[in-house]
Amino acid sequence: MHLKLTALVGVSCALLSACSDGPVERADTVREGQRVYAKECAACHGVRGEGAGPASLHLDVVPPDLAGLKQRNDGYFPREFVSRFVMGRLEKDDPSSPMPDFSAVGLRHVYPNGGADGEVLETDFANLLDYLEAIQW
Ligand code: HEC
């Protein structure tokens, strides 16, 4: 059974000719990242990253759209900036901004009972960035 499965995967890989070089795996990370985004970011930044999500009503600062990051950055997705910003490693324009420091609070809604270790979190953040990159205009 196991052998059969392996053969099947091998054949699909040959047909798609893409198993090792990206598109298929990337689609998975984007889907995983969307799950993280939906739980941790969508309330403020909108379901599709369009900004001003439902939680904005309670905030003084309107959360900006995240789908236009690339456009606002000369057509280049600022992956490093987003990563550092989300992890609270960049100084904010407004120190009282409601944007959480995720390296401090963790992914509270993905793991409501805690329990995610460093590597899991790192993968989640990488997937989240893949998702954000995928939704740029
Ligand atoms: C409680 C609401 C809230 C949540 C939840 C939230 N943000 Fe934010 N975010 C904001 C606000 C408000 C700003 C604008 C003020 C600022 O720059 O701090 C912002 C700014 C940003 C910026 C900077 C955008 C720019 O154009 O400079 C990025 C990137 C960002 N958020 C990503 C995320 C990601 C990714 C998540 C989920 C992991 C998230 N945010 C969750 C409220 C939120």
Side-chain angles (χ1 to χ4, degrees):
M1 182 60 191
H2 182 72
L3 265 181
K4 245 191 202 162
L5 256 182
T6 313
L8 207 69
V9 171
V11 170
S12 328
C13 282
L15 288 175
L16 291 169
S17 73
C19 281
S20 60
D21 85 31
V24 173
E25 287 167 23
R26 182 77 168 196
D28 288 345
T29 63
V30 168
R31 203 172 319 118
E32 281 301 304
Q34 180 172 27
R35 196 174 62 89
V36 175
Y37 179 86
K39 296 204 168 180
E40 302 292 347
C41 325
C44 286
H45 289 284
V47 175
R48 287 177 201 80
E50 70 277 20
S56 307
L57 288 174
H58 312 289
L59 304 174
D60 297 334
V61 194
V62 178
D65 82 82
L66 297 181
L69 284 164
K70 179 172 159 182
Q71 197 204 35
R72 292 197 291 277
N73 190 48
D74 297 331
Y76 165 77
F77 179 66
R79 193 175 171 104
E80 188 61 30
F81 162 80
V82 176
S83 168
R84 290 163 57 106
F85 193 91
V86 171
M87 300 308 263
R89 298 210 185 97
L90 289 181
E91 209 171 303
K92 293 180 179 168
D93 291 342
D94 173 6
S96 65
S97 153
M99 168 78 192
D101 167 357
F102 283 93
S103 72
V105 300
L107 300 174
R108 312 169 266 190
H109 301 103
V110 177
Y111 305 105
N113 305 317
D117 65 15
E119 209 172 296
V120 172
L121 284 183
E122 237 171 71
T123 307
D124 282 336
F125 279 115
N127 292 343
L128 175 64
L129 288 170
D130 282 355
Y131 170 69
L132 289 174
E133 189 163 7
I135 61 165
Q136 299 304 303
W137 299 330

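The analysis underlying the following values was restricted to heavy atoms, covering all of them including side chains, and did not include hydrogens, waters or symmetry mates. First listed ligand is number 1; within each ligand, the first listed atom is number 1. A quick note: this is a predicted structure, and the numbers were derived from the prediction, not measured.
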Beyond-backbone contact of [X] with [Y], side-chain heavy atoms, under 4.5 angstrom:
X    : Y    : answer
H45  : P64  : yes
F81  : N73  : no
L107 : F125 : yes

Ligand 1 atoms in contact with L69 (distance to a heavy atom under 4.0 Å):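 Here the atoms of ligand 1 in question are 26 (O).
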Ligand 1 atoms in contact with P98 (distance to a heavy atom under 4.0 Å):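 Here the atoms of ligand 1 in question are 1 (C), 12 (C).
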Atom 8 (Fe) of ligand 1: protein N, O or S atoms that are less than 2.8 Å away, sorted by chain: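 Per the 2.8 Å query on atom 8 (Fe) of ligand 1, atoms found are H45 NE2, M99 SD.
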Identify the protein heavy atom lying closest to [atom], giving its residue, its atom name and the separation to 0.1 Å.
atom                    : result
atom 18 (O) of ligand 1 : S97 OG, 2.5 Å
atom 27 (O) of ligand 1 : F81 CZ, 3.8 Å
atom 5 (C) of ligand 1  : E40 O, 3.3 Å

Pair listing, salt bridge (charged side-chain N to carboxylate O under 4.0 Å, His left out) test, anchored in residues 39-53, at least two apart: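 Applying salt bridge (charged side-chain N to carboxylate O under 4.0 Å, His left out) to every pair that reaches into residues 39-53, excluding sequence neighbours, yields nothing.
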Ligand 1-proximal atoms of Y37, by part, heavy-atom distance under 4.0 Å: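 Under 4.0 Å from ligand 1, Y37 contributes no heavy atoms.
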Structural part of V36 in contact with ligand 1, heavy atom criterion under 4.0 angstrom: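 Contact part for V36 vs ligand 1: neither.
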Expected output: side-chain D65 to main-chain A67 donor-acceptor under 3.5 Å: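 Checking the backbone N and O of A67 against the side chain of D65, a donor-acceptor pair under 3.5 Å is found.
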Could you list the donor-acceptor pairs under 3.5 angstrom formed between side-chain atoms of residues 97-105 and any protein atom two or more places apart in sequence or on another chain?
{"from": "S97", "atom 1": "OG", "to": "M99", "atom 2": "N", "distance (Å)": "3.1"}
{"from": "D101", "atom 1": "OD1", "to": "S103", "atom 2": "N", "distance (Å)": "3.0"}
{"from": "D101", "atom 1": "OD1", "to": "S103", "atom 2": "OG", "distance (Å)": "2.8"}
{"from": "D101", "atom 1": "OD1", "to": "A104", "atom 2": "N", "distance (Å)": "3.3"}
{"from": "S103", "atom 1": "OG", "to": "M87", "atom 2": "O", "distance (Å)": "2.9"}

L128 vs C41, side chain to side chain contact (heavy atoms under 4.5 Å, CB included): CA-CA, chis, key distance, verdict: CA-CA 10 Å; L128 175 64; C41 325; 4.2 Å; yes
Crowding at CG, D94 (>12 non-hydrogen neighbours, <6.0 Å):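 Yes, enclosed.
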Intermediate values then yes/no, salt bridge (charged side-chain N to carboxylate O under 4.0 Å, His left out), D130 and R31: CA-CA 9 Å; D130 282 355; R31 203 172 319 118; over 6 Å; no
Partner residues of Y37 under the ring pair (Phe, Tyr, Trp, His ring centres under 6.0 Å) criterion, sequence neighbours left out: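 Listed in chain order: Y131.
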Under 3.5 Å: N/O of R72 near N/O of ligand 1: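 Min N/O separation from ligand 1 is below 3.5 Å for R72.
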